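Structure first, commentary second.
Keep in mind that what you see is a predicted model, and the values were worked out from it rather than measured.
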Amino acid sequence: SDSKPNAMIGEFIFSKYIEGNITEDHIYSFINTLIEQKIFPAKISKRETHLELYDIINQLLKITDQFMKKLLEINWSLYDIIGFSVTFQQLMSSLSLASEVKKRWPQTNTVFGGNTVHSKMGMAYSKKYENIVDTFFIGEGEEAIVDNSFSIDLKPFEIRTYKLWQ
C-alpha cells in the first residue's frame, strides 16, 4: 500500500500556542518520529531528511506566527460567540486561536463541536481546556449551538459571521 502514516505536522506547529515554545530538541524529536513512521521515501538519507524537515518546520513556525498575527487583527470582541467546527488535525490550530481570543477578550464565548471533540475524547478535552473553551458540543452541534446560544445574555440576540478570506 502507498498510504503513509499521519504526520500531524499542523498539530505540532500550532501546539506552541497551547503547550509553550517549541525548542530545537522538540523539533528534532518530532523529526525522528516522522522518520520512524516512514513518512518519507527510504532513498532519502536520514541526514538529508533531518536538515530538510528542520528547515520546513522552522518556515512553518514563522508562517504560523504571521497567520496568528493576522487573525488577531480582527476585533473578536464584536462577536458574542466564536464557534469552531473541529475535525481531525484541527484541534491545536482551533485551540490556539481560541486561547489567544480568550486572553484578549475573555468575555467572548468560545464553542467547539465536530468529530474531534466527540464522545470520550470530547469529554477529556472539555476538562483539559476548560479555561479556553466555554462550551463543547459532544456529537451533532448544528442545531444545539443555535438552541444554546439563546441562553447567553445577548441584547439584542444576533448571530454574527465573519469571512476571513474574501
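To the nearest 0.5 angstrom, Ile63 atom CD1 is 11.0 Å from Asn58 atom CG. Atom CG of Leu34 is separated from atom CD1 of Ile9 by 5.5 Å, given to the nearest 0.5 angstrom. Taking CG of Leu53 as the start and OH of Tyr28 as the end, the distance is 10.0 Å to the nearest 0.5 Å. From Met68, atom CE reaches atom OG of Ser93 across 9.0 Å, with rounding to the nearest 0.5 Å. The distance from the CD atom of Gln59 to the NZ atom of Lys62 is 7.5 Å, given to the nearest 0.5 Å.
In this structure, Trp76 contributes its side chain and Ile82 its backbone to no donor-acceptor pair below 3.5 Å. With Thr110 contributing its side chain and Ile132 its backbone, the two residues share a donor-acceptor pair below 3.5 Å.
Pairs passing the salt bridge (Lys or Arg N to Asp or Glu O under 4.0 Å) check and including a residue from residues 94-115, sequence neighbours excluded, read Glu100-Lys103, Glu100-Arg104, Lys102-Asp134.
The environment of CE in Met123 is sparse: at most 12 heavy-atom neighbours from other residues, nucleotides or ligands sit within 6.0 Å.
Shown here for Tyr79 and Thr108, the closest heavy-atom pair between the two residues is O-CG2, 3.4 Å. In plain terms, the two heavy atoms of Ser85 and Gln90 that are nearest each other are O-OE1, 3.4 Å.
Inter-residue side-chain proximity for Asn115 and Val86 is flagged as unmet; no heavy-atom pair is nearer than 4.5 Å. Between Leu95 and Tyr129 the shortest side-chain heavy-atom distance falls below 4.5 Å. By the 4.5 Å heavy-atom criterion applied to side chains, Phe30 and Ile57 are counted as neighbours. Looking at heavy atoms from C-beta onward, Leu72 lies in side-chain contact with Leu97 at the 4.5 angstrom threshold.
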| What do the steps show when you test Val111 against Phe84 for side chain to side chain contact (heavy atoms under 4.5 Å, CB included), and what is the final call? | CA-CA 6 Å; Val111 178; Phe84 295 83; over 6 Å; no
| Tyr125/Phe136 under side chain to side chain contact (heavy atoms under 4.5 Å, CB included): CA gap, chis, key distance, verdict | CA-CA 9 Å; Tyr125 290 144; Phe136 281 84; 3.9 Å; yes
Could you go through residues 11-24 and list every donor-acceptor pair under 3.5 Å that involves a side-chain atom there, pairing it with any protein atom two or more places apart or in another chain?
from: Glu11; atom 1: OE1; to: Leu91; atom 2: N; distance (Å): 3.4
from: Glu11; atom 1: OE1; to: Met92; atom 2: N; distance (Å): 3.3
from: Glu11; atom 1: OE2; to: Met92; atom 2: N; distance (Å): 3.4
from: Ser15; atom 1: OG; to: Phe12; atom 2: O; distance (Å): 2.6
from: Lys16; atom 1: NZ; to: Asp65; atom 2: OD1; distance (Å): 2.5
from: Lys16; atom 1: NZ; to: Asp65; atom 2: OD2; distance (Å): 3.0
from: Tyr17; atom 1: OH; to: Asp65; atom 2: OD1; distance (Å): 2.6
from: Thr23; atom 1: OG1; to: Asp25; atom 2: N; distance (Å): 3.4
from: Thr23; atom 1: OG1; to: His26; atom 2: N; distance (Å): 3.1
from: Thr23; atom 1: OG1; to: His26; atom 2: ND1; distance (Å): 2.9
from: Glu24; atom 1: OE1; to: Tyr54; atom 2: OH; distance (Å): 3.2

